[in-house]
Amino acid sequence: MRIEDVLAFLDKILSPKSLNPIQTLILQQVWEQKTYAQIAEQAGYNPDYLKAIGSQLWKWLSLELGEPISKRNVRCAIAAAFCRGQHPTPEKIDSPKVVHLPLSQHQDWGEILDTSYFFGRANELERLEQWISRDRCRLVSILGMGGMGKTALAMRCAEKLQGEFDYLISRSLRNAPPINQLLCDWLALLQRDRVPDNTEDTHHLIACLMNTLRSTRCLLVLDNWDSLLCADTQTEDARSGRYLKGYEGYGQLLRTLAEQRHQSCLLLTSREKFVGFAAKEGEGLPIRSLSLKGLGLAEVQHVFRVKGLLGSELTYGQLMQSYSGNPLALKIAATTIQELFDGNIEQFLAQDIFIFGEICDLIEQQLARLSPVEAIALQTLSTQSPGFSFGQLQDKLQDSIPAPQLLEALDRLQGRSLLENRRNRFALPKLLFAYFNTLNRQSREGAIAG
């Protein structure tokens, strides 16, 4: 029996639910008689994690097919069920079994990101798991510059912890849905299509949600929270973390989820840190945030080896530094090396051109949100790689920006992951420094040509 036939059969049997990507991967590989260790090595998962998901999968299939199923007998059991399905008995037709839905049924991944080839980030995953699973945090945010892999990390974390929750719902905010639309969507899933009558009252919808989150353990994942925030150039007081007009209800939702007692967790990703929670965050508090840094050397090597590119440790180190370990920028560079330099990393590095095309777009998307003061501060910091102390930066600016405004701007830039604090010296990440260096060089060349 082919695995394609198995998947088609199960899709029909399990309808309207279906196997999620990780369950499908496990079934496909087990069907080929692979061990969990072999699957983990090939796909980049933790073997214990795969074993836990596999255990839930066999229980679910046992309930749905009406007979015990395990990793050992899954081929025989499903083949037998398939044959019965082609010639159902009268008992099967007249007496459909009624079973309690297992935890894995109560999931809606939305526009799920395929994390089959996720690798690295072991420390970050462990930290998130501790916060959500053991410390029972109510609000956890993953912050970082665009391309750092926030979404992939959030999805992998949710996959790893899904068995601990009665419900798991993942949604993207990229298209900025109205708050009431999101709340009604959540409530329809959590309350089995019993949506409150008054769907126009945000306060009422949040109150209904909180009642559910107190009685049921749910993991809610929201990706691209920054899509709801104004650019600093759009706000009168030029403070980051302010909501777009008409989206203030999301702020109310965040405050309620963070401050009121319940047994659930909201995991969100954002390029920008939201305001009003700094004093409420901490290792002993139920609100935590993880600032995502760049990949390490071993992970950078993996990015290029997956592309079939081989280099020395020195070349990988140079790429890591030049792109601040940004996974997306590294993947773009790897594709360029493969297509334009015939896979020769050294030849690419010899050009000393690191900012181009989509990498440039990636940076400019975030810079477009800056206030004038932030832009001036970044431009000044780009003139010296080691960075400046606060006093040195004031001197460089010749006190053109009052100290309180400059301090606030630096705080916002750090919240946007556009600034690093290196032993009391403020400096740009290497990727951002390379961007400004490229702009300055182009400006000089243009002046000479003119």
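Positions are given from 1, in the same order as the sequence printed here.
The pair Arg127-Glu124 does not meet the salt-bridge criterion, since no charged nitrogen lies less than 4.0 angstrom from a carboxylate oxygen. Classification of Arg369 and Glu272 as a salt-bridged pair holds, one side-chain N sitting under 4.0 Å from a carboxylate O. By the 4.0 Å N-to-carboxylate-O rule, Arg2 lies too far from Glu32 to be salt-bridged with it. A salt bridge links Glu281 to Lys273: at least one charged side-chain nitrogen sits closer than 4.0 Å to a carboxylate oxygen.
The CG atom of Leu266 lies 7.0 Å from the CG atom of Leu253; values are rounded to the nearest 0.5 Å. With values rounded to the nearest 0.5 angstrom, Ser417 atom OG is found 6.5 Å from Lys293 atom NZ.
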Could you walk me through whether Glu259 and Arg138 pass the salt bridge (Lys or Arg N to Asp or Glu O under 4.0 Å) check? CA-CA 8 Å; Glu259 295 172 359; Arg138 298 192 288 259; over 6 Å; no

Working note: His262 + Met210, criterion side chain to side chain contact (heavy atoms under 4.5 Å, CB included); need CA distance, chi angles, decisive distance, verdict. CA-CA 7 Å; His262 57 86; Met210 293 306 299; 3.4 Å; yes

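Other residues, nucleotides and ligands contribute more than 12 heavy atoms inside 6.0 Å of the CZ atom of Arg134. Within a 6.0 Å sphere centred on NZ of Lys71, other residues, nucleotides and ligands contribute more than 12 heavy atoms. By the 6.0 Å contact criterion, CD on Gln392 is enclosed, its count of non-hydrogen atoms from other residues, nucleotides or ligands being greater than 12. Within a 6.0 Å radius of CD in Glu364, other residues, nucleotides and ligands contribute more than 12 heavy atoms. Atom CZ of Arg174 is surrounded by 12 or fewer heavy atoms from other residues, nucleotides or ligands within 6.0 Å.
Smallest separation of non-hydrogen atoms from Leu418 and Leu367: CD1-CD2, 4.3 Å.
Screening Ile132, Asp135, Leu139 for a side-chain contact (heavy atoms from CB on, under 4.5 Å) involving Arg288 leaves a single residue, Asp135. Among Leu25, Leu27, Leu19, the single residue meeting the side-chain contact (heavy atoms from CB on, under 4.5 Å) criterion with Gln23 is Leu19.
Residues Ser227 and Asn224 bring no donor and acceptor atom of their side chains to less than 3.5 Å of each other. Checking Gln107 against Gln162 by side-chain atom types alone, a donor-acceptor pair falls below 3.5 Å. Checked by atom type, the side-chain pair Arg255/Gln260 shows no donor-acceptor distance below 3.5 Å. Counted by atom type alone, Ser172 and Asp223 present zero donor-acceptor pairs between their side chains at under 3.5 Å. Checked by atom type, the side-chain pair Thr335/Gln338 shows no donor-acceptor distance below 3.5 Å.
In terms of the salt bridge (charged side-chain N to carboxylate O under 4.0 Å, His left out) criterion, Asp411 has no residue partners (sequence neighbours excluded). Residues that satisfy the salt bridge (charged side-chain N to carboxylate O under 4.0 Å, His left out) test with Asp361, not counting sequence neighbours, are absent from this structure. Evaluation of the salt bridge (charged side-chain N to carboxylate O under 4.0 Å, His left out) rule for Arg422 yields Glu420 as partners, not counting sequence neighbours.
Here the side chains of Gln366 and Arg271 are in contact, with some heavy-atom distance below 4.5 Å. In this structure, Ile179 and Leu205 have side chains that are not in contact, with every pair of non-hydrogen atoms separated by 4.5 Å or more.
The aromatic rings of Phe304 and Tyr316 lie tilted to each other, with the angle between the two planes from 30° to 60°.
Put simply, the side chain of Gln263 gets close to the backbone of Ser215: a donor and an acceptor are under 3.5 Å apart.
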